[in-house]
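Letters A, B, ... are given to chains in the order of the sequence lines, protein chains preceding strands, and every chain is numbered from 1.
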Amino acid sequence: MLVDLDYFFAQCEEMRNSSIKDKSVVVCVYSGRSEESGAVSTANYIAREYGVKSGIPIYSAKKKLEDKDAVFLPVDHKFYSEISKKIMTILRSYADRFQQAGIDEAYLDVSQKVKGNFEEAKELAQKIKKEIKAQQKLTCSIGIGPNKLIAKIAADVQKPDGLTIVKPEEVESFLSPLPVKRLIGVGRKTVKKMENLEIKTIGDLAKYDMQKLITLFGKSMGAYFHNAAMGIDDNLVQERGEAESISRIHTLHENTRDLKVILEEADHLCEEVHERLVKQSLSFKTIGIIMITTDLNMRTRSKTLKSPTNDLESLKKTVKELFEKIINETELEARRVGVKVSNFVKGKRRQKQITDFIGIAKN
DNA sequence: GTATGCTTTCGGC
DNA sequence: TTACGGCCGAAAGCATAC
């Protein structure tokens, strides 16, 4: 089953101050550039009625909620993380196997616990919903299915406070009318490509010849699409290791293409990223930078080292090289800049050959 | 040509 | 009419190996 906490950040705010819960609640990331510059992180369902949703400018949200009873709050990530942690502990206790997937959702393998009985799974889900409500005063939406793929899609069908069960014999009729984009791995380009083949729904995809899919999308993707469309997914519910990447991004006070200004900010971001790396004793092999230009487009550059490191000065040095490169490749000014590391190898020390091998074997 | 890994962009929350 | 964050993993694009 998949448990998804409803409009999580905004619901946390409602829980902290129940007097706002019959108003529009908009949780915002303020950039600090001007009084109201920034974007909406998430909004409760009352605000969504007026078209306020994740990612839109704060200014635009204010306009939509003009003369409505609305509350605008800054994100309080620390608070949400604490709530999330408590709820994840509750959820973990109900599962044979558990996998957190982001701050507000988790997969629970409960097949042993309910002996493969979907009615019992439904009762368990109701119990879980009750407990989260009692302990943390929050609602969630739960999807139950024979595998992760179905559970995830099922959880999306009814929300907030939903519960959707898809039994094995219902999988086909459940999936077949849904658009192909609901499948993980089917993005904009693939949707377009499939549309040209007259594949619009998951049902269309399931009927399509697998050999043809393999010719069109490659062996691994083709086979995956074929199986996914038939509701087949044998991915296990598994606890995740550490994060795959760590990044920091920041909006500049003013747009600029002055390298000195950019690098001053970048150095600071490097230090913050490095601090998190040290906390988790991680070394990295890949260093990336992000630049959002005046026209709000994103550009990135990255470099993969021959051997992993956790050294702050090497990080800064590579980041400097990458920014020098990227600034030479555009005429536009930077609005936001970021630093990202990935391709982790566990360990504090500077690594030599033996761990290089582990790094390769891991991939 | 296909598979694999690396780089860049996209998109959800 | 415009307006616009920060973070992550997934998808797409590309280079190289086989």
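Salt bridge status for K63(A) with E66(A): absent, with no side-chain N to carboxylate O gap under 4.0 Å. A salt bridge is defined here as a Lys NZ or Arg NE, NH1 or NH2 lying under 4.0 Å from an Asp or Glu carboxylate O, and R301(A) with E329(A) meets this definition.
Across E271(A), E321(A), E265(A), a single residue satisfies salt bridge (Lys or Arg N to Asp or Glu O under 4.0 Å) together with K316(A), and that is E271(A).
Judged by a 6.0 Å distance limit and a 45° cone about the ring axis, K148(A) is positioned over the six-membered ring of Y107(A). A cation-pi arrangement is found for R16(A) relative to F79(A), the charged atom lying closer than 6.0 Å to the ring centre and inside a 45° cone about the ring normal.
Residues F9(A) and H77(A) place their aromatic rings such that the two centres sit under 6.0 Å apart.
Of the N and O atoms on the side chains of Y30(A) and E35(A), not one donor lies less than 3.5 Å from an acceptor on the other residue. Looking at S37(A) and S31(A), their side chains do bring a donor and an acceptor atom within 3.5 Å of each other.
S247(A) has a side-chain polar atom (N or O) that falls below the 4.0 Å cut-off from OP1 or OP2 of dC8(C). The phosphate of dC7(C) (OP1 or OP2) has no side-chain N or O of S245(A) nearer than 4.0 angstrom. Side-chain nitrogen and oxygen atoms of S302(A) include at least one within less than 4.0 Å of the OP1 or OP2 phosphate oxygen of dT8(B). The shortest distance between the side-chain N/O atoms of R248(A) and the OP1/OP2 oxygens of dG6(C) is not below 4.0 Å. Here T300(A) reaches the OP1 or OP2 of dT9(B): one of its side-chain N or O atoms lies under 4.0 Å away.
Of the two residues near DNA chain C, V75(A) and M298(A), the one whose nearest nucleotide lies more 5' is V75(A). Along DNA chain C, the nucleotide closest to F225(A) and the one closest to I246(A) are compared, and the more 5′ of them pairs with I246(A).
Within the nucleic acid shown, T42(A) has no heavy atom closer than 4.0 Å to any nucleic acid atom. Across all strands shown, H250(A) has heavy atoms under 4.0 Å from sugar-phosphate atoms exclusively, and none from any base.
Between dT8(B), dG9(C), dG6(C), one nucleotide has an atom nearer to the side chain of E244(A) than all others, and that is dG9(C).
Here dG12(B) presents its C1' atom at 12 Å from CZ of R48(A), a figure rounded to the nearest Å. If you take NZ of K340(A) and C1' of dG6(C), they are 13 Å apart, rounded to a whole angstrom. For the pair N343(A) CG and dC6(B) P, the computed distance is 6 Å after rounding to whole Å. Residue E105(A) contributes atom CD, which lies 12 Å from atom C1' of dG9(C) at whole-angstrom precision. Protein atom CG of L5(A) is 13 Å distant from nucleotide atom P of dC13(B), rounded to whole Å. Atoms NZ (K64(A)) and P (dT1(C)) sit 12 Å apart, rounded to a whole Å. The NE2 atom of H268(A) sits 13 Å away from the P atom of dG6(C) (whole-angstrom rounding). Distance, Y30(A) OH to dG5(C) C1': 12 Å, rounded to whole Å.
Within a heavy-atom distance below 4.0 Å of DNA chain B, no residue of residues 286-295 of chain A is found.
The closest donor-acceptor contact from the side chain of R248(A) to the backbone of L269(A) lies at 3.5 Å or more, if one exists at all.
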For nucleotides 2-4 of chain C, list the nitrogen or oxygen atoms of the protein found under 3.5 Å from its nitrogen or oxygen atoms, one pair per line.
residue, atom, partner, partner atom, Å
dC4(C), O2, G55(A), O, 3.3

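Nucleotides dC13(B) and dC4(C) place their C1' atoms 16 Å apart, quoted to the nearest Å.
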Under 3.5 Å donor-acceptor pairs involving side-chain atoms of residues 121-144 of chain A, not counting sequence neighbours:
residue, atom, partner, partner atom, Å
K129(A), NZ, C140(A), O, 2.8
K129(A), NZ, D161(A), O, 3.3
K129(A), NZ, D161(A), OD1, 3.1
K129(A), NZ, G162(A), O, 2.8
E131(A), OE1, Y94(A), OH, 2.4
K137(A), NZ, A134(A), O, 3.4
T139(A), OG1, D6(A), OD2, 2.8
T139(A), OG1, Q11(A), NE2, 3.2
S141(A), OG, D6(A), OD1, 2.8
S141(A), OG, D161(A), N, 3.3
S141(A), OG, G162(A), N, 3.2

